[in-house]
Participant: 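I have a structure I would like to understand better, so I am pasting it below and will then ask my questions one at a time.
Below, all heavy atoms of this structure are taken into account, side chains as well, without hydrogens, waters or symmetry copies.
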Amino acid sequence: MAFSAWWLSVVVYGMNAVASIALLAVGADRSVTNALVAFAMLLGGPLINFVCWYRPLYTAAKRSSRRHYRIFGVAYSLHIVATMLFFLGPPGWGGSTFIYSVVVFGGGGSVGAGVLCVVATGLFWVEAAVGIWVLYMVRRHYKTHVLPHTASTRDATGNSAATFLEEKESRAFPS
């Protein structure tokens, strides 16, 4: 599930780079900056995603680590917010998406570049939707598999005995 989301982000970055090349060929506003940022996203985005959110999730699932689940949750939430920003595609930010689609179609630009921007927009939207679903599924897995396990581990280490003694004392000496 998360590995597929990571591959989806790679595909989205690739399609965004192709749409940026089309905008560069058409001569859209800030298309040079946009293309450079899009190629930086294509080269660095998958690596950053792997290190920041995929690997902590893998480690968390492997070790049942609460800390790694939290790291994943924060990093992946930031990834989803960035995906939504790139969905809008402010000029010069590297996202050849919604705003560029409107500009290219509305300004009488190339239909091919507009279609590529619409496809990139759709892929960014799909990535955001899949990201929210992955975040939900990981949270559900965390609550059903990790939290009960840590509670039973805590009970096995003696915390339940301390609670039992406190309850016994409160019953023996009522206030």
Participant: Please work out which of the three classes, parallel, tilted or perpendicular, describes the rings of Phe3 and Trp7, given edges at 30° and 60°.
Facilitator: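 Aromatic pair Trp7/Phe3 classed perpendicular.
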
Participant: Looking at Phe98, I want to see if its CZ is surrounded by more than 12 non-hydrogen atoms of other residues, nucleotides or ligands under 6.0 Å.
Facilitator: no

Participant: Hey, are the side chains of Phe72 and His68 touching, using non-hydrogen atoms and a 4.5 Å cut-off?
Facilitator: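 No. Closest side-chain heavy atoms not under 4.5 Å.
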
Participant: Following the transitive rule for hydrophobic clusters with a side-chain heavy-atom cut-off under 4.5 Å over Ile, Leu, Val, Met, Phe, Trp and Tyr, establish whether Trp125 and Leu8 coincide in one cluster.
Facilitator: yes

Participant: Minimum heavy-atom separation for Ser101 and Val118, please, with both atom names.
Facilitator: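 Closest heavy-atom pair between Ser101 and Val118: OG-N, 3.5 Å.
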
Participant: Could you measure the distance from the OH atom of Tyr76 to the SG atom of Cys52? Nearest 0.5 Å is fine.
Facilitator: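 SG of Cys52 is found 13.0 Å from OH of Tyr76.
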
Participant: Closest approach of Ala128 and Ile80, non-hydrogen atoms and distance?
Facilitator: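 The pair with the smallest heavy-atom distance is O-CG2, 4.4 Å.
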
Participant: For side-chain contact (heavy atoms from CB on, under 4.5 Å), just list the numbers for Tyr54 and Asn49, CA-CA rounded to whole Å, side-chain angles, deciding distance to a tenth of an Å, and then say yes or no.
Facilitator: CA-CA 6 Å; Tyr54 181 73; Asn49 289 347; over 6 Å; no

Participant: Take Ile132 and Met84 through the test side-chain contact (heavy atoms from CB on, under 4.5 Å) and record every step on the way to the result.
Facilitator: CA-CA 11 Å; Ile132 291 169; Met84 290 178 184; 3.8 Å; yes

Participant: Which atom pair, heavy atoms only, marks the closest approach of Tyr13 to Pro46?
Facilitator: CD1-CD, 3.7 Å

Participant: Hydrophobic clusters here meaning ILVMFWY residues chained together by side-chain heavy-atom distances under 4.5 Å, can you tell me if Leu116 and Phe39 are in one?
Facilitator: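 In one cluster with Leu116: Phe39, yes.
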
Participant: How long is the span from the OG atom in Ser64 to the NE2 atom in His141, to the nearest 0.5 Å?
Facilitator: 6.5 Å

Participant: Minimum heavy-atom separation for Glu127 and Ser9, please, with both atom names.
Facilitator: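 Scanning both residues completely, I find the closest heavy atoms to be OE2-CB, 3.1 Å.
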
Participant: Test Ser77 against Leu135 for side-chain contact (heavy atoms from CB on, under 4.5 Å), laying out the working first.
Facilitator: CA-CA 8 Å; Ser77 296; Leu135 201 57; 3.6 Å; yes

Participant: Which atom pair, heavy atoms only, marks the closest approach of Cys117 to Tyr100?
Facilitator: SG-CB, 4.1 Å

Participant: Answer yes if Val10 and Trp53 sit in the same cluster of Ile, Leu, Val, Met, Phe, Trp and Tyr residues linked by side chain heavy atoms under 4.5 Å apart, and no otherwise.
Facilitator: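 Shared cluster, yes.
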
Participant: Tell me which one of Thr83, Leu88, Leu85 satisfies side-chain contact (heavy atoms from CB on, under 4.5 Å) with Phe124.
Facilitator: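 That would be Thr83.
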
Participant: Kindly check if the number of other-residue, nucleotide or ligand heavy atoms within 6.0 Å of OH (Tyr142) is above 12?
Facilitator: yes

Participant: Once you measure the plane-to-plane angle for Trp6 and Phe50, does it fall in the parallel (<30°), tilted (30-60°) or perpendicular (>60°) bin?
Facilitator: perpendicular

Participant: Look at the side-chain heavy atoms of Ile, Leu, Val, Met, Phe, Trp and Tyr, link any pair under 4.5 Å apart, and say whether Val126 and Met15 land in one connected group.
Facilitator: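 Same hydrophobic cluster.
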
Participant: Report the distance from atom CZ of Phe87 to atom CD1 of Ile99, rounding to the nearest 0.5 Å.
Facilitator: 10.0 Å

Participant: With side-chain contact (heavy atoms from CB on, under 4.5 Å) as the test, would you mind laying out the steps for Met137 and Trp133 before giving the verdict?
Facilitator: CA-CA 6 Å; Met137 294 302 286; Trp133 180 72; 3.7 Å; yes

Participant: Out of curiosity, Arg55 CZ to Ile71 CD1, how far, rounded to the nearest 0.5 Å?
Facilitator: 12.0 Å

Participant: Spell out, yes or no, whether Phe86 and Leu24 are grouped together once hydrophobic residues are joined by side-chain heavy atoms under 4.5 Å, including indirect joins.
Facilitator: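 No.
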
Participant: Kindly give the heavy-atom pair with the smallest separation between Val104 and Gly114, and that separation in Å.
Facilitator: CG1-N, 3.7 Å

Participant: CG/Asn34 to CG/Asn16 distance, rounded to the nearest 0.5 angstrom?
Facilitator: 7.0 Å

